[in-house]
Amino acid sequence: MGFHGDLDGGFDNPVEIHDGTGSNDPRNQQRPSTSSQHPNDYTNIFGSPKTKSDYFIGVRKQGTGNVRDVAKTQALVNKLSLRMMKKADWGGQSQVNKTIPAGYTYFGQMIAHDLVQSSTPFSGGGGLSSPQRDFRDARLVLDTIYGGGPGITPLAYEPPDPTGDGVVLLRMGPTKMEGDGEKASSGPVRDFSRGAGCPFAADNTSNMQLRRDVYVADPRNDDNFFVSQLSTLFFTFHNLIYRSLSEARFDDYFAVPNNTELKRFSLARRITALVYRRAVENDFLKKTLNEDVWKLYTQGKLASGTLGSQRDQRMPVEFSHAAFRLGHAMVLDDYKVNDTLSTEAGVGSATGHLRLSDALRSSSARFLKFVPIKATWLISWSKFFKVKDPANPQSSRRISPFMAGALRKSELGFFPNVNGNGTGLIFRDLLRSTNTGLRSVKSIMTSLETLLEPVDGEIFEEYRRQFDSHWTETVLGDWLNAEDDIEFSTEEISQLLNDPPLFFYLLSEAYKFEDGFKWGFMSSIIVAEVIFSAKNQTKIFIEDDPEVNELAQIIFENNVPDTMPEIIGWIAGKVKDNPDFNAGEGDEFPAFI
């Protein structure tokens with residue numbers, strides 16, 4: 001989340017563990033109390049801890065109190081990552097999560113990109129740069145799709161017609177048909193618009209470099225095939241809403257001749273964001289969050305968000321470097337993308353299937369031969385969301401301290417070992433959870449009690465009972481030592497029990513407390529705090545704007561979508577006569593849904 005992709009700048013950043021004594025370490029910095037003083041810094045959930053002991057420390061040096069033993073902490077994290085490579089034991093039950101269809105894994109990644117955009121990875125270099133920057137100053141408004149708008153991010157938009165009136169549509173590009181040459185692309189226009197190289201370049205190397213351009217506002221959405229396809233789905237959604245607003249029935253709304261198209265674009269953007277935010281809350285969060293937590297926020301008990309300060313809009317590292325990374329555990333090794341994709345190229349396990357490793361390669365930043373996307377790969381959305389009955393979409397993976405093969409290994413080249421240690425994305429996520437100044441699990445637990453006691457103390461007490469029952473030396477030790485080739489000492493078990501990396505604890509919480517079907521209570525609170533606060537900070541421009549709501553009701557005929565399936569169904573109705581979306585007999589690309 002982000003999800004299957006990095007919230008903080010990229011998969012390939014070097015990471016090190018340090019002892020927390022350097023001047024760049026967040027535990028040693030005086031942080032501003034409000035966003036107006038330092039708007040792009042990061043913060044901690046529920047405000048900065050008052051003492052260093054409230055941060056995650058890891059293995060402490062003997063006699064030093066809160067100073068980390070770097071070598072021992074590195075060794076323990078490395079061993080833990082190796083244990084997390086072993087498949088979760090579901091007691092003979094299936095590892096699939098039928099409560100969360102596979103599409104929500106990548107919808108979560110897009111949401112992550114919409115919440116965080118960092119200039120410098122937390123894990124860069126030998127320590128943390130100061131200050132860290134998050135360029136998402138307006139969150140959950142689809143900046144990841146729109147950027148700064150056509151005047152600031154023009155490459156993300158269709159070039160204006162010099163003879164026309166400046167129609168503002170998001171830019172899309174053609175897919176590649178079977179038999180197309182290396183540069184040719186003549187398939188349906190359902191991919192990102194990508195650089196085609198220079199037709200006059202004699203130097204193939206420079207030509208290939210030119211082809212790496214991808215014309216989008218946020219290049220992270222080109223991280224993999226699935227999130228790029230989901231992004232183009234929202235491109236299509238915006239363009240259709242914009243076209244609807246261009247119909248004669250809306251002429252009275254745009255009677256003023258000056259900047260008519262920009263006003264139409266602004267309203268189309270905000271209507272798109274309105275529907276997207278409804279789907280985030282009523283579909284994505286409802287499926288992923290602990291049910292009690294979701295009710296606390298949606299029923300108004302905690303609906304306003306309760307971050308340390310309502311004026312503080314900085315991103316908590318507990319969200320960006322732990323809680324929202326649980327989506328990595330939901331990723332599958334192989335996906336059914338449609339009913340037609342051939343297995344002749346060895347891209348999947350069966351007809352219509354695509355391997356995760358090939359989906360990761362489908363990016364202008366990685367393997368150019370995989371882009372533009374092949375038309376035969378196009379997603380039929382009923383395989384990822386419950387768009388229609390009786391078809392059931394494929395499920396995501398049940399959540400546990402485990403990841404798909406391409407995410408936990410280094411051989412494929414996506415996640416090389418760090419300093420000769422660790423394995424794949426598991427190790428990198430663990431490092432970011434140990435080395436970026438996150439609160440400790442015990443510190444967050446204390447904050448949760450303070451937060452919930454006046455609101456619903458019974459809910460917290462039930463969670464505490466679960467915690468005391470499942471988070472014990474016996475339960476944790478049995479899991480850690482369940483594999484014959486990895487052995488944890490009593491001291492190591494005690495260390496992980498009393499001061500676990502937050503990312504590991506949150507995965508374990510979902511695994512043990514929720515049986516892998518939802519995020520656990522603590523991660524749900526962290527995620528809800530960030531997302532509901534982000535929504536409340538910008539609702540004046542979207543949910544509270546009467547014109548946005550009035551036009552949305554007209555466009556969607558008093559049935560504004562609340563879920564991803566409803567969004568996809570509305571799009572399908574609008575494009576039913578568009579040959580780019582509806583495969584006819586003999587066409588070489590799959591059905592839209």
Side-chain angles (χ1 to χ4, degrees), residues 15-31 42-84 122-123 125-128 130 316-318 321-323 401 418-422 426-449 467-468 471-477 479-481 486-509 522:
V15 190
E16 294 179 0
I17 285 182
H18 55 81
D19 61 10
T21 60
S23 61
N24 286 332
D25 190 277
R27 288 161 286 183
N28 300 310
Q29 294 176 24
Q30 293 295 318
R31 290 179 177 270
Y42 284 76
T43 188
N44 292 100
I45 195 81
F46 308 120
S48 299
K50 306 231 182 316
T51 67
K52 289 185 181 181
S53 62
D54 285 335
Y55 289 101
F56 170 83
I57 302 297
V59 183
R60 290 164 168 79
K61 287 183 179 179
Q62 288 188 346
T64 62
N66 297 318
V67 177
R68 175 180 296 158
D69 187 315
V70 175
K72 288 185 178 180
T73 302
Q74 176 91 49
L76 185 58
V77 170
N78 185 39
K79 182 187 284 191
L80 183 57
S81 75
L82 295 174
R83 172 62 185 93
M84 290 169 65
F122 267 100
S123 50
L128 302 177
S130 176
V317 288
E318 289 78 12
H321 283 64
V418 180
N419 305 324
N421 297 293
I426 288 177
F427 184 67
R428 288 166 179 268
D429 280 342
L430 279 173
L431 277 191
R432 291 183 175 99
S433 184
T434 62
N435 208 31
T436 48
L438 279 73
R439 280 181 174 270
S440 67
V441 169
K442 287 183 178 180
S443 171
I444 297 175
M445 184 75 77
T446 300
S447 297
L448 290 183
E449 185 173 15
F467 179 87
D468 292 340
W471 196 249
T472 67
E473 192 163 351
T474 299
V475 173
L476 180 59
W479 181 83
L480 289 170
N481 286 321
I486 302 176
E487 183 177 353
F488 287 80
S489 67
T490 301
E491 182 182 0
E492 289 172 327
I493 294 169
S494 178
Q495 171 65 49
L496 290 171
L497 180 72
N498 292 309
D499 193 15
L502 182 59
F503 177 65
F504 170 64
Y505 171 76
L506 296 180
L507 286 173
S508 301
E509 180 189 56
M522 184 178 288

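Since the structure is predicted, the reported quantities are computational estimates derived from the model, not experimental observations.
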If only atom types and distance count, is the side chain of [X] paired as donor or acceptor with the main-chain N or O of [Y] below 3.5 Å?
| X | Y | value |
| --- | --- | --- |
| S81 | N78 | yes |
| N44 | G437 | yes |
| S433 | F503 | yes |
| S494 | E491 | no |
| E318 | R439 | yes |
| S447 | F46 | no |
| S508 | F504 | yes |

**Request:** Hey, can you tell me if H321 and Y42 have their rings parallel, tilted or perpendicular (30° and 60° cut-offs)?
**Result:**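 The arrangement is perpendicular - the two ring planes meet at more than 60°.
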
Measuring from [X]:[atom1] to [Y]:[atom2], what's the distance to the nearest 0.5 Å?
| X | Y | atom1 | atom2 | answer |
| --- | --- | --- | --- | --- |
| Y505 | L497 | OH | CG | 10.5 Å |
| N498 | W471 | CG | CH2 | 10.0 Å |
| R432 | R428 | CZ | CZ | 6.5 Å |

**Request:** Any chance you could lay out the side-chain hydrogen bond (donor to acceptor under 3.5 Å, both in side chains) test for T51 and S53, step after step, and finish with the verdict?
**Result:** CA-CA 5 Å; T51 67; S53 62; 2.9 Å; yes

**Prompt:** Does R60 come within less than 4.0 Å of D499, counting only side-chain N to carboxylate O?
**Reply:**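 So R60 pairs with D499 through a salt bridge.
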
Flag side-chain contact, heavy atom, 4.5 Å: [X] against [Y]:
| X | Y | value |
| --- | --- | --- |
| V67 | I57 | no |
| R68 | V59 | no |
| T43 | V317 | no |
| L496 | F488 | yes |

